Peer 1: 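Let me begin by handing over the structure; questions about it come next.
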There are 2 protein chains.
Amino acid sequence: MKDNAKISSAVIKRLPRYRRYLSDLQKKNVDRISSNELSNLIGYTASQIRQDLNNFGGFGQQGYGYNIQSLYNEISSILGLDKDYKMVIVGTGNLGQAIANYTHYYKSGFMVSAMFDVNPKLIGLRINDIEVLDYERLEEFMQDNSVDIGIVCTNKDSAQEVVDKLCAGGVRGIWNFAPTDLQLPEGVALENVHLSDSLHSLAYYINRNSQMKDQD
Amino acid sequence: MKDNAKISSAVIKRLPRYRRYLSDLQKKNVDRISSNELSNLIGYTASQIRQDLNNFGGFGQQGYGYNIQSLYNEISSILGLDKDYKMVIVGTGNLGQAIANYTHYYKSGFMVSAMFDVNPKLIGLRINDIEVLDYERLEEFMQDNSVDIGIVCTNKDSAQEVVDKLCAGGVRGIWNFAPTDLQLPEGVALENVHLSDSLHSLAYYINRNSQMKDQD
DNA sequence: TAGATTGTTAATCGATTAACAATC
DNA sequence: TAGATTGTTAATCGATTAACAATC
């Protein structure tokens with residue numbers, strides 16, 4: 001694998017999508033695919049597909065294309081999906097519970113070790129067999145357990161404080177669902193899921209489409 | 001407002017974020033801000049901020065900057081947040097419930113009219129005072145009610161069929177949480193929230209950071 | 001008016017696409 | 001070997017940044 005320190009985030013964002021399509025193809029027992037055929041399925045140009053993959057290595061073979069199984073494995077490995085991640089969820093409202101449930105059932109390498117909340121009504125509950133602990137105990141928990149990913153499902157006002165605690169406790173990445181932008185120390189990865197922003201840009205396109213219709 | 005038919009999605013994606021920062025400033029009773037000050041807060045260059053805003057109109061004033069209240073209103077209007085949207089949620093698992101709850105409490109212009117599921121255990125329940133109806137009744141419901149946005153919280157295998165029904169029923173936009181890519185008719189907007197893809201790119205950056213640490 | 005800051009044009013940078021020699 | 005298709009370089013396109021005249 002080539003040096004991947006400076007690969008653009010546009011490329012990285014496409015990798016999970018490649019992987020999804022390859023997974024579907026695997027299930028259909030397809031053995032190989034050319035960048036051209038993949039282009040027709042996935043909607044990126046064949047040229048972009050080859051460029052993207054060649055950031056990480058020459059996974060194809062001239063005259064043949066790409067072996068689906070092996071490309072799937074390569075991409076999984078590039079993304080780090082051949083490793084396991086221990087996660088904690090802070091904020092155990094509906095969204096936190098949904099995430100817990102979702103990762104529990106669908107994401108084999110990502111395990112939720114514990115959930116935390118300040119709400120006494122939630123503390124002590126078990127969600128998908130994961131205990132909800134008092135947020136007061138987060139620091140202690142992180143001293144005793146290695147945690148890779150902190151999932152933030154609090155409101156926006158608590159999010160930064162929570163993140164500071166998670167980072168102090170040694171997480172390597174934050175998956176943030178709170179509708180705010182966070183400050184992280186160097187070396188901790190951040191991925192935002194800003195549902196509100198997402199819904200707002202949907203609203204924009206809904207209206208743009210309607211305006212275009214009016215002009216016809 | 002200028003012709004906005006060809007504004008890049010990179011610009012549109014930044015608008016909700018501008019709006020969030022402007023909202024915070026409003027709460028702090030700040031009246032005006034220059035592109036330079038806003039740049040320091042939000043992290044985009046002052047030049048980009050001025051370029052972005054000038055896609056839609058000259059909202060600033062030389063020597064003064066931007067009036068926060070009025071810029072907030074302009075952006076809200078560009079995004080279509082001065083309008084109301086009726087939504088239905090299909091798939092009433094944890095995630096569907098979380099979205100219902102979330103929009104119910106936090107998103108004033110976005111109202112969930114009904115939720116649909118195929119699971120008899122869920123049909124008839126009320127979630128945040130919204131009734132869960134039999135999915136069989138979706139078509140009928142959409143004939144009797146105008147629905148702007150369809151929220152898809154099903155598994156990936158059902159998602160396309162659900163979307164087809166929603167589009168036939170006249171929705172103007174789809175907010176998709178199913179981990180798959182969807183085919184929509186012309187004129188229907190689509191916004192994906194691919195949680196799985198998001199988690200996978202987080203994994204990439206976690207490992208990249210670790211490798212960089214190893215090299216030190 | 002003088003100073004500040006926008007709106008906008010021009011320059012740069014980066015990402016995507018096209019082309020084709022290398023090679024399986 | 002001939003045909004197919006990659007890997008990679010070069011060309012193009014689009015988005016970001018810089019610069020500055022316009023103007024409040």
Side-chain angles (χ1 to χ4, degrees), chain A residues 1-18 21-22 25 30-75 78 201 204, chain B residues 1-18 21-22 25 30-75 78 201 204:
Chain A
M1 198 186 296
K2 297 180 187 174
D3 175 30
N4 60 359
K6 51 198 170 323
I7 289 166
S8 86
S9 69
V11 174
I12 303 308
K13 284 251 143 54
R14 286 192 288 269
L15 294 180
R17 186 163 154 157
Y18 287 123
Y21 280 85
L22 292 167
L25 288 163
V30 185
D31 278 346
R32 66 187 179 106
I33 194 161
S34 68
S35 55
N36 232 302
E37 293 167 311
L38 189 53
S39 169
N40 292 334
L41 281 179
I42 204 170
Y44 306 142
T45 63
S47 193
Q48 177 161 70
I49 292 170
R50 295 201 300 277
Q51 285 277 24
D52 281 353
L53 298 176
N54 274 91
N55 281 303
F56 304 99
F59 302 138
Q61 198 168 78
Q62 284 96 330
Y64 172 88
Y66 298 87
N67 178 282
I68 284 164
Q69 168 94 53
S70 107
L71 185 56
Y72 176 85
N73 290 339
E74 291 285 1
I75 291 178
I78 291 162
S201 52
Y204 172 84
Chain B
M1 198 187 295
K2 298 180 188 175
D3 175 29
N4 60 359
K6 52 199 169 323
I7 289 166
S8 87
S9 70
V11 174
I12 303 308
K13 284 250 144 52
R14 287 193 288 269
L15 294 179
R17 186 163 154 157
Y18 287 124
Y21 280 85
L22 291 167
L25 288 163
V30 185
D31 278 346
R32 65 187 181 104
I33 195 162
S34 69
S35 56
N36 231 303
E37 293 167 310
L38 189 53
S39 169
N40 291 335
L41 281 179
I42 204 169
Y44 306 142
T45 62
S47 193
Q48 178 161 69
I49 291 170
R50 295 201 300 278
Q51 286 276 25
D52 280 354
L53 298 176
N54 274 91
N55 281 303
F56 303 99
F59 302 138
Q61 198 167 79
Q62 284 96 332
Y64 172 88
Y66 298 86
N67 177 283
I68 284 163
Q69 168 94 52
S70 108
L71 185 57
Y72 177 85
N73 290 339
E74 291 284 2
I75 292 178
I78 291 162
S201 52
Y204 172 84

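Residue numbering restarts at 1 for every chain, and letters A, B, ... go by the order of the sequence lines. Source: prediction; values computed, not measured.
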Peer 1: Tell me: CG of B/Asn67 to C1' of D/dC24, nearest whole Å?
Peer 2: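 Result: 14 Å.
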
Peer 1: Just to confirm, is there a sub-4.0 Å distance from OP1 or OP2 of C/dT6 to any side-chain nitrogen or oxygen of B/Arg32?
Peer 2: no

Peer 1: Checking side-chain polar atoms at under 3.5 Å, does B/Gln48 have a donor or acceptor matched by the opposite partner on B/Thr45?
Peer 2: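 B/Thr45 and B/Gln48 do not have a side-chain donor-acceptor pair below 3.5 Å.
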
Peer 1: Atom CD of B/Glu37 and atom P of C/dA4: how far apart are they, to the nearest Å?
Peer 2: 12 Å

Peer 1: Using whole Å, what does the distance between atom C1' of nucleotide C/dT6 and atom CG of B/Leu71 come to?
Peer 2: 13 Å

Peer 1: Do any side-chain nitrogens or oxygens of B/Arg14 fall under 4.0 Å of OP1 or OP2 in D/dA15?
Peer 2: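 Negative; the distance criterion is not met.
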
Peer 1: Check for a donor-acceptor pair, side chain of A/Arg50 on one end and backbone N or O of A/Gly60 on the other, with a separation under 3.5 Å.
Peer 2: no

Peer 1: Suppose we define a pair by two distances each less than 3.5 Å, Watson-Crick or G-U wobble; what does D/dT23 pair with here?
Peer 2: C/dA4

Peer 1: Calculate the interatomic distance between A/Lys6 atom NZ and C/dA15 atom C1'; express it in whole Å.
Peer 2: 15 Å

Peer 1: Please give me the minimum heavy-atom distance between A/Asp31 and A/Tyr64, naming the atom from each residue.
Peer 2: O-OH, 4.4 Å

Peer 1: Write down the distance between CD1 (B/Ile49) and P (D/dA18), rounded to a whole number of angstrom.
Peer 2: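 After rounding, the reported distance stands at 13 Å.
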
Peer 1: Can you check the A/Asn55 CG to C/dA15 C1' distance for me, whole Å?
Peer 2: 11 Å

Peer 1: What's the closest nucleotide to the B/Gln51 side chain, out of C/dT5, D/dT17, D/dT8?
Peer 2: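 So the side chain of B/Gln51 is nearest to D/dT17.
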
Peer 1: Between B/Pro16 and A/Ser201, what is the shortest heavy-atom contact and its length?
Peer 2: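 That would be CG-N, 4.4 Å.
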
Peer 1: Looking only at side-chain N and O atoms, does B/Tyr66 come under 4.0 Å of OP1 or OP2 in C/dG7?
Peer 2: yes

Peer 1: Any idea which heavy atoms bring B/Ser35 and B/Ile49 closest together, and the distance?
Peer 2: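 Nearest heavy atoms, B/Ser35 then B/Ile49: O-CD1, 3.6 Å.
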
Peer 1: If I take atom CZ in residue A/Phe56 and atom P in nucleotide D/dT8, what distance separates them, rounded to the nearest angstrom?
Peer 2: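 Interatomic distance, CZ of A/Phe56 to P of D/dT8: 14 Å.
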
Peer 1: Taking the nucleotide of DNA chain D with the nearest heavy atom to each, does A/Gly65 or B/Ser8 sit closer to the 5' end?
Peer 2: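 This one resolves to A/Gly65.
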
Peer 1: D/dT6, C/dC24, D/dA18: which one has an atom nearest the side-chain heavy atoms of A/Gln61?
Peer 2: C/dC24

Peer 1: Between C/dT5, D/dT17, D/dA15, which nucleotide has the shortest distance from any of its atoms to the side chain of B/Thr45?
Peer 2: D/dT17

Peer 1: Return the value, rounded to whole Å, for the distance between atom CD1 of A/Ile33 and atom C1' of D/dA4.
Peer 2: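 Rounding to the nearest Å, CD1 of A/Ile33 and C1' of D/dA4 are 15 Å apart.
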
Peer 1: Using purine N1 to pyrimidine N3 plus N6-O4 or O6-N4 for Watson-Crick, or N1-O2 and O6-N3 for G-U wobble, both under 3.5 Å, which nucleotide pairs with C/dT9?
Peer 2: D/dA18

Peer 1: Is B/Gln48 close enough to D/dT16 that one of its side-chain N or O atoms is under 4.0 Å from OP1 or OP2 there?
Peer 2: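 It does, given that an N or O in the side chain of B/Gln48 lies less than 4.0 Å from OP1 or OP2 of D/dT16.
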
Peer 1: May I ask you to verify if any side-chain N or O of B/Tyr44 is less than 4.0 angstrom from the OP1 or OP2 atom of D/dA15?
Peer 2: no

Peer 1: Name the residue closer to the 5' end of DNA chain C, choosing between A/Asp52 and A/Tyr64 according to the nucleotide with the nearest heavy atom.
Peer 2: A/Asp52

Peer 1: Among A/Leu25, A/Leu22, A/Ile33, which one satisfies side chain to side chain contact (heavy atoms under 4.5 Å, CB included) with A/Leu71?
Peer 2: A/Leu22

Peer 1: Go through C/dC20, D/dA19, D/dA4 for me and flag the one nearest to the A/Gln62 side chain.
Peer 2: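 Of all the options, the side chain of A/Gln62 is nearest to D/dA4.
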
Peer 1: Please check the phosphate of C/dT6 (OP1 and OP2 only) for any side-chain N or O of B/Ser35 closer than 4.0 Å.
Peer 2: yes

Peer 1: Taking only the side-chain nitrogens and oxygens of A/Ser47, find out if one of them lies under 4.0 Å from OP1 or OP2 of C/dT16.
Peer 2: no

